[in-house]
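Every number for a ligand or one of its atoms is a count from 1 in the order of the listing.
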Amino acid sequence: MNEAQIQYGYIEKAKQIISEKAREKGGSLTCCVQTFGCQMNARDSEKLSGILRAVGFEEIEDEDADLVIYNTCTVRDNANQRVYGRLGVLNGFKRRNPHMKICLCGCMMQEPSVIEKIRKSYGFVDLIFGTHNIFKFAELLVGMYESEGMLIDIWKDTDQIVEQLPVQRKYPFKSGINIMFGCNNFCSYCIVPYVRGRERSRKPEEIIEEIKSLAADGVVEIMLLGQNVNSYGKNLENPISFAELLKQVEQIEGIERIRFMTSHPKDLSDELIQVMKNSEKICRHLHLPLQSGSTKILKEMNRRYTKEQYLALAEKIRREIPDISITTDIIVGFPGETYEDVQETIDVVKKVHYDNAFTFQYSKRTGTPAAAMENQVCKEEVTRHFDELLAVVQDTAREQAKKLQGQTLDALVEEINEHDDSLVTGRLSNNMIVHFKGGKELIGKIVPVYLRECKGFYYLGDMQ
Ligand code: 5AD
Ligand code: SF4
């Protein structure tokens, strides 16, 4: 029996337990899955929802449910603090509903200090597991219901990639697909390599199979997910490049749009740029984290490129694919960063004309090399630098956005507008949002939209 078959056995077992509990309750058991963090976590949460529904839970938005699971992130400390804060609220729900189960999983749980704290101060939590054994969720559920007290199962690492378990997609028409797990880069500020483990690529045949079945199920847009997709396939038995994988994915009928996340600048090949340039399906969007524009800080960060190399790369991409939108991540306040270093970053922002940039204040992560550096920057200085950078980022993003005004471009309709139900919300190939008149029959369709008016970071348009 392979691991997936074993887990299907546990799904059957869990189903019996849940239906017994539902009988006692006199109605179906409810569950709520909350996701913190990145696209990888969002995809993992779809796997959690898939299992929970398969064993008989009704999924709801409200955290006052019979089972709540937090899929946590630990990339910055504020995500951790939010989890602790919200656990207090869950405890209140649990006092009123003693049968309630509280589960925690994801990156934060891979940190021993977190587990210690939860054991000590949050004894009402029922189940804790990490990033490497999420495929055992059904088994862990059975274990939780069959035992008393807190069940903890954290693995340090794994080489297992378990496929073909149930998944509940958030959107019927678009989906993320993991193409690799983990990261080998060890940027000095980043905790990801410690909590997600070493880089492991999935076999291309398995990825293609999964995408084909998604296409057959009505998915038109896919996002290939990995911490560093540009190094995809290098360690496979039969090595293959990311660009080569993209070419294969393009052949799949029914898939209209292909996105991917995230690219490390040091590994972005000319081959990839050419494949993107010649593709009808690969979206006009590249997320290319800069982190810092100062060569000195980049070196300390272990990013393995210089300011000049990054600028040359961005320029080449804009030259080859003029309609591409480039977005980025930037950290302010890395140890030793001076005002002059921040000016270097601002210089890059101005030169690259980012279409959007996610700016973060440096957060000290225990166990990373940067956490042990002595020249930590004080909070006030970080805030001042951050605000200065943010203003520039917003200016360039606004300028970039305006450029599309008057064009007609394809948009994939994602949902009814949150504030006005006579409008739908669509996404352009370059990842910008446009709102226009339309109804729910358009959801999941790709339609041409005239971009009438730029509202800063989004458009108002008219379907053509
Ligand atoms: N502090 C602040 N931001 C961080 N990131 C990763 N680690 C840290 C940290 N310790 C940011 C990086 C990365 C994004 C996902 O999160 O910019 O690209
Ligand atoms: Fe973290 Fe760097 Fe890996 Fe991205 S590439 S996950 S920033 S270590």
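- Counting heavy atoms under 4.0 Å from ligand 2, residue Pro289 does not touch it at all.
- Using a 3.5 Å distance cut-off with no hydrogens or angles, the side chains of Asp329 and His287 do pair a donor with an acceptor.
- For the pair Arg365 and ligand 1, the shortest N or O to N or O distance does not fall below 3.5 Å.
- Each of Gln168, Lys170, Glu59 was evaluated against Ser49; a single residue qualifies, Glu59, per the side-chain hydrogen bond (donor to acceptor under 3.5 Å, both in side chains) test.
- Residue, atom and distance of the protein heavy atom nearest to atom 8 (S) of ligand 2 are Cys187 N, 3.4 Å.
- You'll find the ring centres of Phe186 and Tyr194 inside the 6.0 Å limit.
- The Pro193 neighbourhood of ligand 2 comprises atoms 8 (S), with distances under 4.0 Å to a heavy atom of that residue.
- Close contacts between ligand 2 and Phe186 involve ligand atoms 8 (S) [criterion: under 4.0 Å to a heavy atom].
- Side-chain polar atoms of Asp355 and Asn430 form no donor-acceptor pair below 3.5 angstrom.
- When the options Gln227, Arg196, Arg304 are ranked by their closest heavy atom to atom 4 (Fe) of ligand 2, first place goes to Gln227.
- Contact between Arg303 and ligand 2 is present, with at least one heavy atom of the residue lying under 4.0 Å from the ligand.
- With 2.8 Å as the limit, His264 does not count as an N, O or S neighbour of atom 2 (Fe) of ligand 2.
- Considering only non-hydrogen protein atoms, atom 3 (Fe) of ligand 2 sits nearest to Cys183 SG, 2.3 Å.
- At least one N, O or S atom of Cys190, from either the backbone or the side chain, sits less than 2.8 Å from atom 1 (Fe) of ligand 2.
- The aromatic ring centres of Phe129 and Phe137 sit less than 6.0 Å apart.
- In this structure, atom 5 (S) of ligand 2 lies nearest to the protein heavy atom Asn185 ND2, 3.3 Å.
- Geometrically, ligand 1 and Asp329 share a nitrogen or oxygen pair separated by less than 3.5 Å.
- The nearest heavy-atom contact from the protein to atom 7 (S) of ligand 2 is Tyr189 OH, 3.3 Å.
- Note on ligand 1: Lys364 sits outside its first shell, no heavy atom being nearer than 4.0 Å.
- Other residues, nucleotides and ligands contribute more than 12 heavy atoms inside 6.0 Å of the CD atom of Glu308.
- Nearest residue to atom 10 (N) of ligand 1 from Ala357, Ala371, Ser363 is Ser363 (criterion: closest heavy atom).
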